[in-house]
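The structure under discussion appears below in the form of C-alpha cells.
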Amino acid sequence: MTAADDKKSEELMSLCKRRGFIWPSYELYGGIAGMYDYGPLGFSLRNNIVEVWRDIYKGREGFTEIDTETVNPREVFKASGHLDKFADKITYCTKCGAPFRADHLVKEFYSNPDTMSEKDLDQAFLDHNVVCPDCGGKLGPVEDFNLMFRTNIGPGSSRVGYLRPETAQGIFVNFLNLYRYNREKLPFGVLQTGRGYRNEIAPRQGMIRMREFNMMEVELFVDPEDKTWSRFDEMKDEKLTLLPNTGDETVEMTVGEAVAKHVVANEVLGYFVGTTKQFLVRLGVDPARLRFRQHRKEEMAHYAKDCWDAEALLSYGWTEITGIADRGCWDLTRHSEFSGADLSHFKRFDTPREEEVEKVKPNRKSLGPAFKGQSKAVAAAVEQAKPEDVKDGRLTVTVDGKPVELGSEMFTVIKTKEKVNGERIIPNVIEPSHGLDRIFYTVLEHAYSHDDAKDYTVLHLKPEVAPVKLGVFPLMEKDNLDVLAKQICASVHTARAAAVYDGSGTIGKRYARMDEAGTPWCITVDYDSLSGPQKDTVTIRDRDTAAQKRIAVKDVPQILDDLLTGRRQFTDL
RNA sequence: GCGGUUGUAGUCCAGUGGUUAUGACGGAAGCUUCCCAAGCUCCUGACCCGGGUUCGAGUCCCGGCAACCGCACCA
C-alpha cells in the first residue's frame, strides 16, 4: 500500500462521511470497530446494486428469492460445520490475562496444530513447557473462540442460537420446500440477500472487514453428474482474467477456453464466473482492476471443492469481493445426516433400466436345522450381505453383534433382473456469494477521481447505480427561475430515480456538489428559459464531460428516462 | 491480539501548562442576470472518554475507546 493509496482511501472515506454515503456506527458513543451505517446516498447506491443483482439472477436466470432468519438454532451450525470449524482455539494467560491463539503457540512443535483438540493443546503446553510469551505466566485451559455471535432463544439459556455467518444455511434448511416449489427438477437456483455476522477478532481496512455485513448469495442446485449449463453458449465468449492455483501468473482467456482447457472445472462454474464479471462491470467495477483467483487447496473452506474469488484491486490491495464456490454435496449431506430427512433428488432415467443385479439369498432349508431359533435373524443378515462379501465360498455375517461364518450350502448368489426407474442423488451446490459492502466500496473507489490541479472530485458512478439521477437548479433563486426549476424537479422525481433541487450557492458549487455525489446529469433553468427565442428550454449538463445541451422543458421526463435506460446517449441529444 | 503512529467544528488543520481555542473549506441567511467550488455581509459549529499531576490540562502522566500502518487472522 503506497502513500497515494492511503491518501485515496482516506479522501474517499472523508467524502463518504461528508456527503452521507456511510458513517461509522455509534460514533456518538466512541464507535465500534467493524461496524458502519449507511447514509441516504449510500443506502440508495447499495439498493441499486442489489437491484442489478436481482435483474440478473431473478430476471435473466429466472431464479427465486427468499428471506430467512438471521438467528439460527445451534443444530444448524453443528450440521454445517461452523460450530466446530469456524472457531479458533484460544487460551488466556492466568497471570496477565493476555489472550493467545493456542495453535500458534505450539506451531514449532507440530506440523498442523490447527487440527489439535483442546486437550491435546493443554497437554502440548505441558510437554513443551509453553508459557505466556508476554509475561512467562502459566497458560489457562484452551477454549474455543467461535467467530459466531452467540445468543439465547427464549428465556433462560436452554436453547442456544447463533447469528448466521452466511445466509446460505437458510436456503439449505429449506431445501425440501424449495425443491418442491421448483417442481422437483434440477437445476434450480435460489437467492437471498441479507445480513451476516462474524465476531472478527481484529476488523481492519474500513468496510472491507465488518462484523455485521451484507451478502447477496445465490445457491444453485445441480445434478452432480451433469454440470453443463443450457445457456453456456451465450457466455462462452466473455473474456476473463484468471489466476489459477497452478501458478502465479494471470492468464487471459474466454469462459469457453477456460472450461475447454479445464482451468475452470465445469460449465456451471464457468458460466457463473462469467456472470459475475458481467455483473461487476455493469456496476462500474473497472475490468482492468478485476481478476478471478482460484483458491489453493489448503485455503479452501471446509465445505468447498473448488472456489474462484472475484478480486478487485483497491487501495488496500487485491481484495475478495465475490466467491464462486462449488460446495459439492457437503451441506445437503450434512443436514440430511443431522436432521434425518432425505434431502436427495430422485433422478428419473429417460427409460427405465433393466438391471441385472447379483444378490445373496439365504438357503433356509440348511439354516433352519443349523441355527434353530436364531435362523430367522441369520437369514435377514444374509439378505443384507453383498455378493462381494463372499470370500472363498464362505460368508461371514454379524448377528446380535457376533460374527457368524456360513458355509456355501447356507446361501446362494443369484442373478436377477430388476426394473430401475431412476436413482436418488444428493444435488451439488454452486454458490456465487457476493460481499455487498465490499462491492459497494469497490464501486465507489473505482468511480472516484480527483483532479489534483483543480482539487476537484468526481464520482463517475454508472447512471444505473447512482443514488441521485438528476440535479435541477435555478441559475438564481429569484425572478421565478426557482419556480420552474422546482416544477421540473417534481415532474421527474420518483423513489427509484431521485431528482434533487438545489438553489443554494453559486451554480459552479452546485455542479461540484452533484459531481461529488456521482449524479450523472444536471439541469439548469436560466433567464432564456423564461423569455426570448429559447423560452421553455433548459440546459442539461453531463457529469463526465461537463458538456451542456439545450432541451425543451416538456421533453425532460422522456429524455431522462431514455438516458437512464440507455436508449439514448447524452451525445445524441 | 502484538508493535508503531494518531485522536481539536460536518471536513482538513493550527495551538510554549495560563483570558473567551487559530484558520480554511463546508453548511445556513442575504446581496450581486451567477453556467462550472467567484466576490461581499452575517451566522453556525470542536478539544474522543475516564482517572491522575497541577493554583490552573487541548497541551504532561495512566487507563479505556476508536482510526491508520506493519505482523498475525480472514472457513
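Listed by residue number, the members of residues 475-487 of chain A with any heavy atom below 4.0 angstrom from RNA chain B are A/L475, A/M476, A/K478. The stretch residues 541-548 of chain A touches RNA chain B through A/R541, A/A546, A/Q548, each having a heavy atom under 4.0 angstrom from the strand. Residues of residues 506-536 of chain A having a heavy atom closer than 4.0 Å to RNA chain B, listed by number: A/T506, A/I507, A/G508, A/K509, A/R510, A/Y511, A/A512, A/R513, A/E516, A/T524, A/D526, A/Y527.
The interatomic distance linking A/Y456 (OH) with B/rC36 (C1') rounds to 6 Å, in whole Å. Note: CZ (A/F21) to C1' (B/rU11) measures 15 Å, nearest angstrom. Look at CD on A/E212: it is 18 Å from C1' on B/rC74, rounded to the nearest Å. Protein atom NE2 of A/H450 is 12 Å distant from nucleotide atom C1' of B/rA37, rounded to whole Å. One atom, CD of A/E10, and another, P of B/rU5, lie 17 Å apart when rounded to the nearest Å. Whole-Å rounding puts the A/Y316 OH to B/rG70 C1' distance at 15 Å. If you take CG of A/L314 and P of B/rC69, they are 12 Å apart, rounded to a whole angstrom. Distance, A/L147 CG to B/rC73 C1': 9 Å, rounded to whole Å.
Nearest-nucleotide assignment on RNA chain B puts the 5′-proximal partner with A/M35, out of A/E166 and A/M35. Residue A/R18 is the one, among A/P165 and A/R18, whose nearest nucleotide of RNA chain B lies closer to the 5' end (criterion: closest heavy atom).
Looking only at atom types and distance, the side chain of A/Y511 has a donor-acceptor partner in the side chain of A/T524 under 3.5 Å away. Looking at A/E311 and A/T319, their side chains never bring a donor and an acceptor atom within 3.5 Å of each other. Counted by atom type alone, A/D482 and A/Y501 present zero donor-acceptor pairs between their side chains at under 3.5 Å. Side-chain contact check for A/D309 and A/H295: at least one donor-acceptor pair (N or O, by modelled atom type) lies under 3.5 Å. Side-chain polar atoms of A/D455 and A/H450 form a donor-acceptor pair below 3.5 angstrom.
Ring centers of A/F221 and A/F175: under 6.0 Å apart, within the cut-off.
The gap from the C1' atom of B/rA28 to that of B/rU44 amounts to 7 Å, rounded to the nearest Å. The separation of B/rG23 from B/rG70, taken at their C1' atoms, amounts to 35 Å, rounded to a whole angstrom. Comparing the C1' positions of B/rG63 and B/rA37 gives an interatomic distance of 44 Å, to the nearest angstrom. Spacing between B/rG4 and B/rC40 at atom P, rounded to whole Å, works out to 48 Å. Between B/rC47 and B/rG7, the distance separating the two P atoms is 15 Å to the nearest Å. On the P atoms, B/rU8 is 13 Å away from B/rG15, given to the nearest whole Å. Here the separation of B/rC43 from B/rC2, taken at their C1' atoms, is 49 Å to the nearest Å. Comparing the same atom, P, in B/rU54 and in B/rC49 gives a spacing of 23 Å after rounding to whole Å.
Side-chain contact between A/L269 and A/K227 is absent, with no heavy-atom pair separated by less than 4.5 Å. Residues A/F172 and A/R334 fail the side-chain proximity criterion, which asks for heavy atoms closer than 4.5 Å.
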- Kindly express the pairing pattern of RNA chain B in dot-bracket notation, using | wherever a base pairs with another strand and counting only Watson-Crick or G-U pairs under 3.5 Å. (((((((..(((.....[....)))((.(((.......))).))...(((((..]....))))))))))))....

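Counting non-hydrogen atoms under 4.0 angstrom, A/G206 reaches the backbone sugars and phosphates but no base. As judged by a 4.0 angstrom heavy-atom cut-off over every strand, A/G34 is placed among residues touching the sugar-phosphate backbone only. Contact annotation for A/T539: base contact, defined as any heavy-atom pair under 4.0 Å involving a base atom.
Proximity of A/S9 to the phosphate of B/rC68: no side-chain N or O atom is located under 4.0 Å from OP1 or OP2. In this structure, A/K17 does not reach the B/rG10 phosphate: none of its side-chain N or O atoms is under 4.0 Å from OP1 or OP2.
A side-chain contact (heavy atoms from CB on, under 4.5 Å) with A/V525 is found for exactly one of A/I488, A/N480, A/V483, namely A/I488. When each of A/H335, A/E69, A/R164 is tested with A/Q169 by the rule side-chain hydrogen bond (donor to acceptor under 3.5 Å, both in side chains), just one qualifies, namely A/H335.
Judged as a salt bridge (Lys or Arg N to Asp or Glu O under 4.0 Å), and not counting sequence neighbours, the contacts of A/K17 are A/E27.
Side chain A/R209 to base B/rC73: a donor-acceptor pair is found below 3.5 Å.
Geometrically, A/R46 does not engage A/F440 in a cation-pi contact, judged by NZ or CZ lying under 6.0 Å from the ring centre and within 45° of the ring axis. Annotation: cation-pi geometry not satisfied between A/R541 and A/W521 (NZ/CZ under 6.0 angstrom from ring centroid, within 45° of ring axis).
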Nucleotide N/O of nucleotides 46-51 of chain B paired with protein N/O under 3.5 Å:
none

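Taken from CD in A/E212 to CG in A/D437, the straight-line distance is 9.5 Å, to the nearest 0.5 Å. Interatomic distance, A/F149 CZ to A/T70 OG1, rounded to the nearest 0.5 Å: 12.0 Å.
Ion pair A/E217/A/R195 not flagged as a salt bridge, since none of the NZ, NE, NH1 or NH2 atoms sits closer than 4.0 Å to an Asp/Glu carboxylate oxygen. Under a 4.0 Å N-O distance rule, the pair A/D528/A/K535 does not qualify as a salt bridge. Salt-bridge check for A/D572 with A/R568: failed, with every basic side-chain N at 4.0 Å or more from each acidic carboxylate O.
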